[in-house]
Amino acid sequence: MKYISTRGNAPILNFEEALLTGLASDGGLYLPVSWPKINTSEIPKGKYWEKATFIMLPFVGDFLNEQELLKLTKKAYSHFPSDEAAPLRKLKNNKFLLELYHGPTLAFKDFAMLLLAELFEAALEKKGKKITILGATSGDTGSAAIEAFKNSNHADVFILFPKGMVSETQRRQMTTVSSKSVYPIEIDGTFDDCQNLVKSLFQEKKFREETNLAAINSINWGRIAAQIVYYFTSFELLGEEKVSFSVPTGNFGDILAGWVAKKMGLPISHLIVATNENDILNRAILSGDYSLEKVQATISPSMDIQISSNFERMLFEAYNRDSREISCLMNELVSNRGFTIKDSALNFIKKDFISNKASEEDTKKTIQKFYKEENIIIDPHTAVGLFAANEIGLNETSIISLGTAHPAKFPEAVFDVLNVYPEIPKKLQECLKGEEKFATMDKDPNFLKEYIKENL
Ligand SMILES: *Cc1c(COP(=O)(O)O)cnc(C)c1O
């Protein structure tokens, strides 16, 4: 499979190169030249990693053969407590909860990050090369990346997180890991500031080449590819003809993977984009208005995002893969802090996506409702998705809501609403006792460059 940039001005790459490159040199995002089709009836019956291998092979094929990929998926997903890495829980009224939070850092980010780390190791081992991973996190990506790469022989990991905008548990999960190659950095700014710092360093050709910079944010195609898998496996567990998904959405990576699954042949009726009060995607899908507002801090911090990076991939599709138009829109986003999606493109998006926004009140009420009615404690992100599923309530299909984080990651928010604390898994208890180590910094790319150079 070959990979092209949404902005049309970067080299065409194979999987291995796209994996190591992350953000394209023209500022765009890589995606496959075409969407492979798979036959759902041919997905192997056995373990999660066997299914993952089958589903991902068309994307990875020119880099690894089936046996090689199987080795990596097996290694990655053996970090989950059971062979069913992503169990499906039946709720009332044709609703289902896909539990994606049983991995080592208790959020769905583990699915992509654990495999990404294995893929990176394989590629770097082959090349005999070392890289510098630079990533921004709104909370869960950072800990998943640190956990997945902490024993890497080939990568140093620098993770930026916004001061005061991640939960204490999320921060501790990043800052208490002892590893010589891990550097968490607290930035005095928002998640978007962190993401912009990452982008600006990637655009400095000299620095990028000197340090072999690599990206593990969901701009990296490898992450999207890994997330396609559980859409297929949950559909199989559901055992119905057709399905819809409700996805708590921030950077549009997870839900984009669902859209790709549909392109690959999974019978998905609708994908519900569930946002919190940072509702740029809700506005965009309802009316075509993609304009930046100030980031609001909510109790679902991993979705406190305005610029939704992966939406560029969706726009690329909706604009008939016209990279000139995408480049114009992205320039407009920088100069005018927003743009309007043209009608034909918006209609294309609306064929597959419905959107919904949960206020803080909606999210809290949903946590209470599920505690009372289903006797389960859900985390605030998962609540945003379940709220949207309830509001929209499709008649024609069951809705699977993606449970994106374990409530133990957000104990304060849960206690505030329910007056009970979620049970804290043992591994997390240990991490909460550890000593914290991290750097703090203003949002200045020069400080960041210096810090990275000093520590390599
Ligand atoms: C990252 C994250 C999301 C949002 O996923 P995107 O791929 O950025 O849309 C939702 N919930 C949790 C818990 C997350 O960590």
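Both ligands and their constituent atoms are indexed starting at 1 by order of listing. Both backbone and side-chain heavy atoms feed into the values below; hydrogens, waters and symmetry mates do not. Bear in mind the structure is a predicted one, so any value in this text is a computation, not a measurement. Numbering starts at 1 and runs along the sequence shown.
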Counting each atom of ligand 1 from 1 as listed, which ones have a heavy atom of A405 under 4.0 Å away?
13 (C)
For the pair N310 and S218, evaluate side-chain hydrogen bond (donor to acceptor under 3.5 Å, both in side chains) and give the outcome as yes or no after the intermediate values.
CA-CA 7 Å; N310 273 290; S218 57; 2.9 Å; yes
For atom 6 (P) of ligand 1, what is the nearest protein heavy atom, given as residue, atom name and distance?
N251 N, 3.5 Å
For atom 1 (C) of ligand 1, closest protein heavy-atom neighbour:
K109 NZ, 1.4 Å
Starting from atom 5 (O) of ligand 1, find the nearest protein heavy-atom neighbour and note its residue, name and distance.
F108 CZ, 3.5 Å
I'd like to know if Y101 contacts ligand 1, where contact means a heavy-atom distance under 4.0 Å to any ligand atom.
no
Any atoms of ligand 1 less than 4.0 Å from a non-hydrogen atom of T404? List them with their elements.
10 (C), 11 (N), 12 (C), 13 (C)
Taking the six-membered ring for Trp and the full ring for Phe, Tyr or His, determine whether the centres of F15 and W221 are under 6.0 Å apart.
no
Counting heavy atoms only, which part of K409 comes closer than 4.0 Å to ligand 1: side chain, backbone, both or neither?
neither
Do the rings of F311 and F252 sit parallel, tilted or perpendicular, given the 30° and 60° boundaries?
perpendicular
Atom CD of residue position E412 - does it have more than 12 heavy atoms of other residues, nucleotides or ligands inside 6.0 Å?
yes
Against heavy atoms of D140, which atoms of ligand 1 measure under 4.0 Å?
12 (C), 13 (C), 14 (C), 15 (O)
How does F252 reach ligand 1, if at all, at less than 4.0 Å between non-hydrogen atoms: by side chain, backbone, both, or neither?
backbone
How about T105 and D110: does a side-chain donor come under 3.5 Å of a side-chain acceptor?
yes
Quick check on contacts: which atoms of ligand 1 are under 4.0 angstrom from a heavy atom of T249?
9 (O)
I'd like to know whether N320 forms a side-chain hydrogen bond (donor to acceptor under 3.5 Å, both in side chains) with D322, so could you lay out the CA-CA distance, the side-chain angles of the two residues, the decisive distance to 0.1 Å, and finally the verdict.
CA-CA 5 Å; N320 260 322; D322 184 334; over 6 Å; no
Is the distance between the ring centroids of F410 and H381 less than 6.0 Å?
yes
Taking the side chain as every heavy atom from C-beta outward, state whether T40 and F232 have any pair of such atoms under 4.5 Å apart.
yes
Ring centroid separation Y183 to F438 under 6.0 Å
no
Any N or O of G250 closer than 3.5 Å to N or O of ligand 1
yes
Who gets closest to atom 10 (C) of ligand 1 by heavy atom: S218, G403, P248, G139?
P248
Which of the ligand 1 atoms, numbered from 1, are nearer than 4.0 Å to a heavy atom of H381
11 (N), 12 (C), 13 (C)
Using the rule ring-ring contact (aromatic ring centres under 6.0 Å, His included), only one of W49, F111, Y48 pairs with F80; which is it?
F111
The atoms of ligand 1 lying under 4.0 Å from a heavy atom of D254, numbered in the order shown, are 7 (O)
Only heavy atoms of G253, strictly under 4.0 Å: list the atoms of ligand 1 that pass.
6 (P), 7 (O), 9 (O)
